[in-house]
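Just below is one structure, and these are the notes that go with it.
Every heavy atom of this structure was used, including side-chain atoms; hydrogens, water molecules and symmetry mates were not. Convention: sequence-line order gives letters A, B, ...; per-chain numbering from 1. Remember, predicted model here, so these are calculated numbers, not experimental data.
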Amino acid sequence: MASARIHVSMQSKYDRVVLLVDMDCFFCQVEEKQHPEYRNRPLAVVQYNPWRGGGIIAVNYAARAKGVTRHMRGDEAKDLCPEIVLCQVPNIREKADTSKYRDAGKEVANVLQRFTKLLERASVDEAYLDITETVNHRMQQMQSGAFALQPQELVNTFAVGYPNIGDFVNKITNRFANPYMDDERFQMSYDQNDLPAVRQSDIRLLIGASVAGEVRAAVKKETGYECSAGIAHNKILAKLAAGMNKPNKQTILPLAETASFFDSLPVGKIKGLGGKFGEVVCETLGIKFMGQVVKFTEVELQRKFDEKNGTWLFNISRGIDMEAVTPRFYSKSIGCCKKFPGRNNITGLKTLQHWLGELSSEINDRLEKDFIENNRRAKQMVVQYVQDIDGEEVASSRSTALKDYDQESIVRFSLDLIKANTKTFLRPGSESALNNAIK
DNA sequence: CATGATGACGCT
DNA sequence: AGCGTCAT
């Protein structure tokens, strides 16, 4: 067994080249493409909500320059930037319908897909691409002289730790002339088994950046949309790099720069550490920056957190992330939801039935479209609802198998599920008043 | 009153 | 199966 393992091509820490492509203020770009007269103007996308001008979910860079951000209300944006264009998410069936942006995201993904089989859509406007194969191929071509990097392709490219991309390229060129100049440091810093990959890291990431440039140019040419990209050896670092220079730029995170970069990187910037767990990590360890995690042994981290998270933190703090780019073009689930905040709480049966009808109608349309496009049918339905119980938000979810379905049966299923799982669905003595408001 | 609408995934 | 977390 042990000897056979040696012959298995092992996925090593620095073997892959991974891109994270992130559309710049995507919903705004969709609106700007649809309304060319809005281009070059400050613009934000709001979800319809008559309360204080709607909630902002996307802001273009002209508007960001005026201080407009997400979380803001449309009215606040107008105060900061009176000339701002506020585009509303289309309202269909009395609720925000984001289909337009999903369709635009698919259009982009169709372009990305041509560059690798290993495309993982992470959200409507983000995707990971494992481009290892292409990079390896070009490495070989480069060594045989069949391929050469075109410096002009790297005009919008940055490398973390370098004032400009030219300095990064020069460093690589110098090492080409003097291959062993870094060896002592490398041998000190890295596992012996990783040295071959480490020595080739910079050049392979640079080739990755040229691929990224081609990807982004194709997206721009074929869809009109601009995006930013991160280039690194794994998903976590690619995601991090992509956010460093925007919009319409791409950033390499060189292996040798990771440690010093992490020394001043707040823990919460790492994907997965932006919430409560990240805060627990900081408090438990008494730290603020990612680089400070490396002072703890793997066993210490496992003891303070748990086995899985401890090992994960230990590796991530060293820039190591073995998470595969899992090919996925279509979402695993289709859902829609609507909130009823404050006075809009649903308190009557009729209103509840009405909204279940609206939501079911949207779901039904999207399921039909999905069936036509992707030849698949939903097997399960999950109904989630949030009640107001003594002023507290109490969330519940119940599921049911789905055989044949249509809009009417989806409504019936969901209402039945809510009825069956609510202690007293209707207020005692009433035919129509809900016992607990649904939020 | 009040980001909201989606989606993935981990824990138990 | 149901709940909670994290992300855009």
Side-chain angles (χ1 to χ4, degrees), chain A residues 20-28 44-59 68-77 88-102 105 120-128 227-228 235-236 239-240 242-243 246 268-281 305-309 312 323 326 328-347 355 358-359 362-363 366 370 380-386 388 391 393-401 417 421 437 439:
Chain A
L20 184 275
V21 173
D22 180 9
M23 306 308 295
D24 302 321
C25 52
F26 188 45
F27 289 15
C28 294
V45 176
V46 298
Q47 282 181 136
Y48 175 65
N49 182 337
W51 191 69
R52 293 178 38 177
I56 293 180
I57 57 171
V59 186
V68 180
T69 65
R70 283 167 88 206
H71 307 121
M72 241 172 221
R73 290 277 137 188
D75 289 351
E76 300 173 63
Q88 266 188 28
V89 176
N91 252 18
I92 306 179
R93 304 177 196 85
E94 308 170 69
K95 68 175 285 297
D97 184 306
T98 51
S99 303
K100 178 163 67 167
Y101 312 111
R102 268 193 300 273
E120 177 178 343
R121 287 227 265 163
S123 73
V124 63
D125 71 339
E126 276 191 347
Y128 292 96
C227 57
S228 297
K235 287 165 74 169
I236 292 274
K239 167 79 180 156
L240 209 48
K246 299 172 82 165
K269 298 287 183 185
I270 296 279
K271 190 184 61 161
L273 294 176
K276 293 176 188 178
F277 182 52
E279 291 200 357
V280 169
V281 167
F305 306 101
D306 63 31
E307 192 179 324
K308 191 185 164 200
N309 281 317
W312 186 80
E323 187 87 8
T326 307
R328 193 184 62 247
F329 192 88
Y330 292 105
S331 65
K332 296 178 175 181
S333 66
I334 290 175
C336 67
C337 59
K338 178 160 180 66
K339 284 192 167 187
F340 304 93
R343 289 264 135 71
N344 295 331
N345 279 187
I346 296 178
T347 55
W355 284 109
E358 301 291 70
L359 293 170
E362 177 178 333
I363 285 296
R366 288 170 57 189
D370 186 64
Q380 187 193 40
M381 178 173 75
V382 179
V383 179
Q384 300 180 66
Y385 54 103
V386 179
D388 182 334
E393 291 199 356
V394 179
S396 312
S397 80
R398 293 294 183 274
S399 55
T400 186
L417 284 180
N421 296 287
K439 310 183 85 164

For DNA chain B, produce a single dot-bracket line, 5' to 3'. Pairs: Watson-Crick or G-U wobble, both distances under 3.5 Å. Symbols: ( ) within strand, [ ] crossing, | other strand, . unpaired.
-> ....||||||||
When the ring planes of A:F277 and A:F305 are compared, do they come out parallel, tilted or perpendicular, using 30° and 60° as the limits?
-> perpendicular
For [X] and [N], is the shortest distance between a side-chain N/O and OP1 or OP2 below 4.0 Å?
| X | N | result |
| --- | --- | --- |
| A:S123 | C:dA7 | no |
| A:K339 | B:dG4 | yes |
| A:R102 | B:dA5 | no |
| A:R52 | B:dA2 | no |
| A:K95 | B:dG4 | no |
| A:S333 | B:dG7 | no |

Over all heavy atoms of both residues, which pair between A:V59 and A:V68 is shortest? Give the atoms and the distance, please.
-> CG1-O, 3.6 Å
For residues A:R398 and A:N421, report the shortest heavy-atom separation together with the two atoms involved.
-> NE-OD1, 2.8 Å
Measure the distance from [atom1] on [X] to [atom2] on [N] and round it to the nearest whole Å.
| X | N | atom1 | atom2 | answer |
| --- | --- | --- | --- | --- |
| A:I57 | B:dA2 | CD1 | C1' | 16 Å |
| A:N309 | B:dG10 | CG | C1' | 10 Å |
| A:W312 | C:dT5 | CH2 | C1' | 13 Å |

Which nucleotide sits closest to the side chain of [X]: [options]?
| X | options | answer |
| --- | --- | --- |
| A:S399 | C:dA1, C:dT8, B:dG4 | C:dA1 |
| A:E362 | C:dT8, B:dT6, B:dA8 | B:dT6 |
| A:Q380 | B:dC1, C:dA1, C:dT8 | C:dA1 |
| A:R328 | B:dC9, C:dC3, C:dA7 | B:dC9 |
| A:C337 | B:dA5, B:dG7, B:dG4 | B:dA5 |
| A:K332 | C:dT8, C:dC3, B:dC9 | B:dC9 |
| A:Q47 | C:dT8, B:dA2, B:dA5 | B:dA5 |
| A:A395 | B:dG7, C:dG4, C:dC6 | C:dG4 |
| A:S396 | B:dC1, B:dA5, C:dC3 | C:dC3 |
| A:R73 | B:dA2, C:dG4, B:dG7 | B:dA2 |

Contact class for [X] vs. all strands (heavy atom < 4.0 Å): base, sugar-phosphate, or nothing?
| X | value |
| --- | --- |
| A:K439 | nothing |
| A:L273 | sugar-phosphate |
| A:L359 | nothing |
| A:Q384 | nothing |
| A:R70 | base |
| A:R121 | nothing |

Taking A:R121 for the side chain and A:A127 for the main chain, is one N or O donor matched with an acceptor at less than 3.5 Å?
-> no
Is A:N345 reaching over with its side chain to a backbone N or O of A:F340, donor-acceptor style, under 3.5 angstrom?
-> yes
Salt bridge or not for A:E120 and A:K235, using N-O below 4.0 Å?
-> yes
Side-chain ion pair, A:E94 and A:K338, N-O less than 4.0 Å = no
C1' spacing across the pair B:dG4 / C:dC6, given as an integer number of angstrom = 16 Å
Map A:E323 and A:G342 onto DNA chain B by nearest heavy atom, then report which one ends up closer to the 5' terminus.
-> A:G342
